[in-house]
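Report on the structure given below.
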There are 2 protein chains.
Amino acid sequence: MNRSSRMILIEKLVTENVVASQEQLLRLMEGAGMKCTQATLSRDLRLLGISRGFDRAGNMRYLTQSKRDADAIVMPGREQDAILSMLWARGLLMIKTHPGYAAAVASRIDRSGRFEVAGTVAGDDTILLIPRDDVSTIAVSDCLETIFPGLMERILR
Amino acid sequence: MNRSSRMILIEKLVTENVVASQEQLLRLMEGAGMKCTQATLSRDLRLLGISRGFDRAGNMRYLTQSKRDADAIVMPGREQDAILSMLWARGLLMIKTHPGYAAAVASRIDRSGRFEVAGTVAGDDTILLIPRDDVSTIAVSDCLETIFPGLMERILR
DNA sequence: TTAAAAAATGTATAATTTTGCACCACGAAT
DNA sequence: ATTCGTGGTGCAAAATTATACATTTTTTAA
């Protein structure tokens with residue numbers, strides 16, 4: 001039972017139930033066969049962007065943000081898992097990542113010291129990878145596969 | 001000093017400041033010449049539907065109902081107003097913005113999901129827009145005009 | 001592989017928020 | 001004027017959530 005599967009369960013439980021406290025959520029989780037501590041829950045909820053608010057009647061309950069905003073905060077697991085898609089354009093490779101993680105992934109690429117990569121520029125959720133002159137797209141792809149094993153299969157489906 | 005005027009002040013302080021705790025809000029209120037206890041604040045916040053949530057960075061702050069689902073960060077005026085100039089170079093479009101607004105404008109472009117745009121990378125006041133292969137500069141301009149109505153006229157003026 | 005670094009987690013505790021209770025202020029009804 | 005009822009508030013305790021620290025697990029680099 002890892003963090004990301006736990007977070008999926010948390011999101012599900014919070015949306016399908018009226019959850020008023022982390023203790024209560026803890027019990028729901030146990031009922032679903034997933035065990036952890038309240039402290040972990042507190043941390044996961046922050047990552048998920050799920051916070052305690054009030055419903056119309058003024059009763060307290062945990063509320064999720066829109067899915068997009070939640071995605072904006074979550075980045076479970078390894079750096080390469082932050083990569084969402086890649087696209088060649090104008091001889092450059094655009095790499096989209098989970099929001100906020102472009103710098104981390106770009107740093108990883110830079111540190112690999114691969115010849116094929118002249119350099120990278122990272123924004124918030126986008127990396128622009130500039131290949132050296134006369135390096136093929138295939139060569140760059142192979143290079144990235146070396147840095148992030150399993151990446152190509154995951155991205156291409 | 002009655003409850004309703006206090007609540008008006010609370011709403012104002014919470015929207016105009018990054019408030020992370022009721023204690024902090026209490027001090028802001030005192031600064032504004034309105035005094036009460038933290039317990040009263042807790043009750044008022046419930047009535048106002050203002051609760052503690054997380055901004056994009058995962059930092060805690062109080063958010064009003066309308067803001068909770070939306071962006072925690074306020075962008076004054078229309079995003080396109082932040083665009084100062086544009087210039088084509090090497091098949092790429094450099095967009096200059098007011099300092100600090102590149103990310104917001106780039107985000108807007110990304111979210112438009114337009115085919116013509118392969119991606120963007122934003123710094124502080126500069127955006128590099130990479131069009132897809134075989135997309136003309138005219139097509140990209142039209143695309144931006146669609147996203148930011150009136151932009152071209154204003155820029156070319 | 002193996003060592004080093006980074007991330008995840010539990011424990012205990014600190015920080016923060018909520019609430020029960022008593023009391024006060026104010027208006028309506030007697 | 002007195003009494004009753006309705007909010008509103010502070011105080012302090014209870015409930016809840018966040019976090020510092022130590023430890024374990026996972027990932028990265030050599």
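Numbered from 1 within each chain, the chains take letters A, B, ... in sequence-line order. No hydrogens, no waters, no symmetry mates; every other heavy atom, side chains included, goes into these values.
Between C:dT19, D:dA18, D:dT16, one nucleotide has an atom nearer to the side chain of A:S21 than all others, and that is D:dT16. Listed candidates were C:dT9, D:dA18, C:dT17. Nearest to the side chain of A:R6 is C:dT9. With C:dT11, C:dT16, C:dA8 as the candidates, the nucleotide lying closest to the side chain of A:R3 is C:dA8. Counting only heavy atoms from C-beta on, B:S42 has its side chain closest to C:dT17 among C:dA12, C:dA8, C:dT17.
The closest side-chain heavy-atom distance from A:I83 to A:L144 is not below 4.5 Å. Side chains of A:M94 and A:I127 form no contact here, defined as non-hydrogen atoms less than 4.5 Å apart. Counting heavy atoms from C-beta outward, B:I95 and B:I109 have side chains that approach closer than 4.5 Å. Looking at A:R43 and A:T40, their side chains come closer than 4.5 Å, going by heavy atoms from C-beta outward.
The base of C:dA15 lies outside donor-acceptor range of the side chain of B:E23, with no N or O pair under 3.5 Å. Residue side chain A:R43 reaches the base of C:dG10 through a donor-acceptor N/O pair under 3.5 Å, judged by distance alone.
Note on A:T37: a base of the nucleic acid sits closer than 4.0 angstrom, heavy atoms only. Looking at heavy-atom distances under 4.0 Å, A:T40 makes contact with sugar-phosphate atoms alone, never a base.
Helix bend of the helix from C:dT1-D:dA30 to C:dT30-D:dA1: the angle between its two end axes, each built from five pairs, comes to 30° after rounding to 10°.
For B:L47 and D:dT9, the CG to C1' distance is 13 Å, given to the nearest whole Å. Between the C1' atom of C:dT9 and the CE atom of A:M34 lies a distance of 14 Å, rounded to the nearest Å. In this entry the distance linking CE of A:M29 with P of C:dT9 reads 10 Å, nearest Å. Distance CG (A:N2) to P (C:dT9): 8 Å, rounded to an integer number of Å. Between B:Q24 atom CD and C:dT16 atom P there is a gap of 10 Å when expressed in whole angstrom units. Rounded to whole angstrom, the span from the OH atom of B:Y62 across to the P atom of D:dA18 amounts to 10 Å. Between the CZ atom of A:R46 and the C1' atom of C:dT16 there is a distance of 14 Å, rounded to whole Å. If you measure from atom CE of B:M60 to atom P of C:dT16, you get 8 Å, rounded to the nearest angstrom.
Regarding contacts with the backbone of C:dT17, a side-chain N or O of B:R52 is found under 4.0 angstrom from either OP1 or OP2. An OP1 or OP2 oxygen of D:dA18 is reached within less than 4.0 angstrom by a side-chain nitrogen or oxygen of A:Q22.
A:L87 and A:L129 fall into different hydrophobic clusters, defined by Ile, Leu, Val, Met, Phe, Trp and Tyr side-chain heavy atoms under 4.5 Å apart, directly or through other members. Residue B:V19 is grouped with residue B:L45 when hydrophobic side chains (ILVMFWY) are merged at heavy-atom distances under 4.5 angstrom, including chains of intermediate members.
Two residues, A:D44 and A:Q38, neighbour DNA chain C, and the one matched to the more 5' nucleotide by heavy-atom proximity is A:D44.
Between B:D110 and B:S107, the side chains place no donor N or O within less than 3.5 Å of an acceptor N or O (distance only, hydrogens not considered).
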With a cut-off of 3.5 Å and sequence neighbours excluded, list every side-chain donor-acceptor pair involving residues 133-143 of chain A.
from: A:S136; atom 1: OG; to: A:A139; atom 2: N; distance (Å): 3.0
from: A:S141; atom 1: OG; to: A:T137; atom 2: O; distance (Å): 3.1

